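Throughout, residue positions are numbered sequentially from 1 according to the sequence presented. A quick note: this is a predicted structure, and the numbers were derived from the prediction, not measured. In each ligand, atom 1 is the first atom listed, and ligand 1 is the first ligand listed.
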Amino acid sequence: MVKTTISVIKADIGGLAGHHVVHPRLKEVSVAELTAAKKDGLIEDFYVTAVGDDLQLIMTHRKGVDNPEIHELAWNVFSKGTEVAKQLGLYGAGQDLLKDAFSGNLKGMGPGVAEMEFEERPSDPVIVFMADKTEPGAFNLPIFRTFADPFNTAGLVIDPRLHEGFIFEIMDVFEDKVVEMSSPEEMYDILALIGTTGRYVIRRVFRKSDREIAAVVSTTRLSLIAGKYVGKDDPVAIVRAQSGFPALGEVLEPYTLPHLVAGWMRGSHNGPLMPVGEKDARPTRFDGPPRVIALGFQIKNSKLIGPSDLFSDVAFDEARRLANVIADYMRRHGPFMPHRLGPEEMEYTTLPKVLEKIKERLKEA
Ligand code: F6R
Ligand code: MG
Ligand code: MG
């Protein structure tokens with residue numbers, strides 16, 4: 001049985017009107033490149049979209065995860081796009097391409113990557129989440145709720161195929177280490193880690209009964225890779241749904257709470273994660289608020305059937321309204337924590353300069 005791989009690879013290679021949206025020309029260039037790659041048989045199918053200033057390549061193929069040819073294809077698409085971005089004078093052209101030349105794998109090179117390989121079920125629904133103005137840990141809360149919270153996911157209680165629970169692979173993005181933890185037995189320990197969203201990030205989820213892959217999140221931290229701020233590490237995630245996995249509605253339900261995430265304005269503020277349709281993934285207010293879109297596909301013979309733009313549903317209107325109320329409330333804190341992040345987490349900071357300036361005047365209290 002052939003296995004299908006779905007690779008979601010994204011980069012901010014330039015914004016229209018600042019860190020706002022992707023210019024349509026960049027999507028056109030990507031579609032042209034990926035059409036050629038499909039014709040050549042390198043990939044089976046693709047869908048190109050954008051959330052805020054991040055260009056998103058959703059691809060299916062039969063080459064497995066971490067495949068150098070697929071990574072190189074994405075790198076080349078982003079490089080071609082960067083040339084166009086430069087011609088158009090787009091803002092931050094090529095900002096997420098941190099290296100001059102491709103060297104085998106995108107890890108550490110700037111673009112964000114989420115990939116999973118699986119044997120297709122007769123009908124295989126997959127949801128691709130893409131977020132802007134936030135970080136990979138933003139998915140900790142909703143992914144935990146989908147795969148471990150019985151108040152969210154009815155199937156954990158009443159569907160025998162989900163009842164054993166799920167295994168969470170959690171990454172310490174500072175130390176570059178991973179640990180597998182089992183839910184429900186280790187639920188409190190899992191939460192003790194993943195509540196620290198800037199450091200411990202859910203990277204993959206497996207069904208416990210057969211270790212089938214259920215979810216994967218991109219865990220690239222641009223700021224840490226480059227050793228300095230070069231752009232937000234806006235994350236993507238892939239989640240499988242139905243018949244033995246959480247239902248589509250159980251995967252989407254956590255986003256009815258626009259929970260607070262880091263990454264708003266200058267990567268240095270907390271704000272609500274607003275679920276929106278593709279057409280509304282256009283952050284403006286204080287460069288935000290942070291957005292997430294969700295596209296639903298069926299995977300058939302390695303082809304992408306769809307998508308359906310899931311958060312465009314009116315059922316998420318209240319979440320958006322609440323996100324706007326929370327955005328107002330948070331904004332009124334101005335430069336104060338917890339709207340502004342703590343000093344160790346900010347991506348821009350004048351604090352060392354201020355401390356230097358007052359150093360002589362600092363006296364014993
Ligand atoms: C970028 C982001 C934005 C920028 C801000 C300042 O993803 O989050 O809020 O940080 O617009 O950008 P610069 O420093 O490029 O003027
Ligand atoms: Mg940007
Ligand atoms: Mg972005």
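Atoms of ligand 1 lying under 4.0 Å from at least one heavy atom of Met265, given by number and element, are 9 (O). Of all atoms in ligand 1, listed by their number and element, those nearer than 4.0 Å to a heavy atom of Tyr91 are 13 (P), 15 (O), 16 (O).
For His259, the ring pair (Phe, Tyr, Trp, His ring centres under 6.0 Å) criterion is met by no residue, not counting sequence neighbours.
Looking at Asp234, its N, O or S atom nearest to the Mg ion (ligand 3) turns out to be OD2. The atom of Asp54 that is an N, O or S and sits closest to the Mg ion (ligand 3) is OD2. For Asp132, the N/O/S atom at the shortest distance from the Mg ion (ligand 3) is named OD1. Distances from the Mg ion (ligand 2) to the N/O/S atoms of His19 are shortest for ND1. Within Asp12, the N/O/S atom positioned nearest the Mg ion (ligand 2) carries the name OD2.
Judged by the shortest distance from any of its heavy atoms, Phe286 lies outside the 4.0 Å radius around the atoms of ligand 1. Between Tyr348 and ligand 1 there is a heavy-atom distance shorter than 4.0 Å.
With respect to Asp176 and Lys107, a salt bridge is recorded, a charged nitrogen being found less than 4.0 Å from a carboxylate O. One finds a salt bridge joining Asp328 and Arg285 here, because a Lys/Arg side-chain nitrogen approaches an Asp/Glu carboxylate oxygen to under 4.0 Å. Using a 4.0 Å cut-off between charged side-chain N and carboxylate O, Asp124 and Arg240 make a salt bridge. Ionic pairing of Glu83 and Lys80 is not present here: no N-O contact between side-chain nitrogen and carboxylate oxygen is shorter than 4.0 angstrom. Salt-bridge formation is not detected for the pair Glu120/Lys300: no Lys NZ or Arg NE/NH1/NH2 atom is positioned less than 4.0 Å from an Asp or Glu carboxylate oxygen.
Contacts of His19 with ligand 1, taken as heavy-atom pairs under 4.0 Å, involve the side chain alone.
In summary, Asp53 places an N/O/S atom under 2.8 Å from the Mg ion (ligand 3), meeting the contact criterion.
Ring geometry for Phe311 versus Tyr255: interplanar angle of 30 to 60°, hence tilted.
The residue from Glu345, Glu344, Glu175 that alone fulfils the salt bridge (charged side-chain N to carboxylate O under 4.0 Å, His left out) condition with Arg199 is Glu175.
Any N or O atom pair closer than 3.5 Å counts here, and Asp234 shares no such pair with ligand 1.
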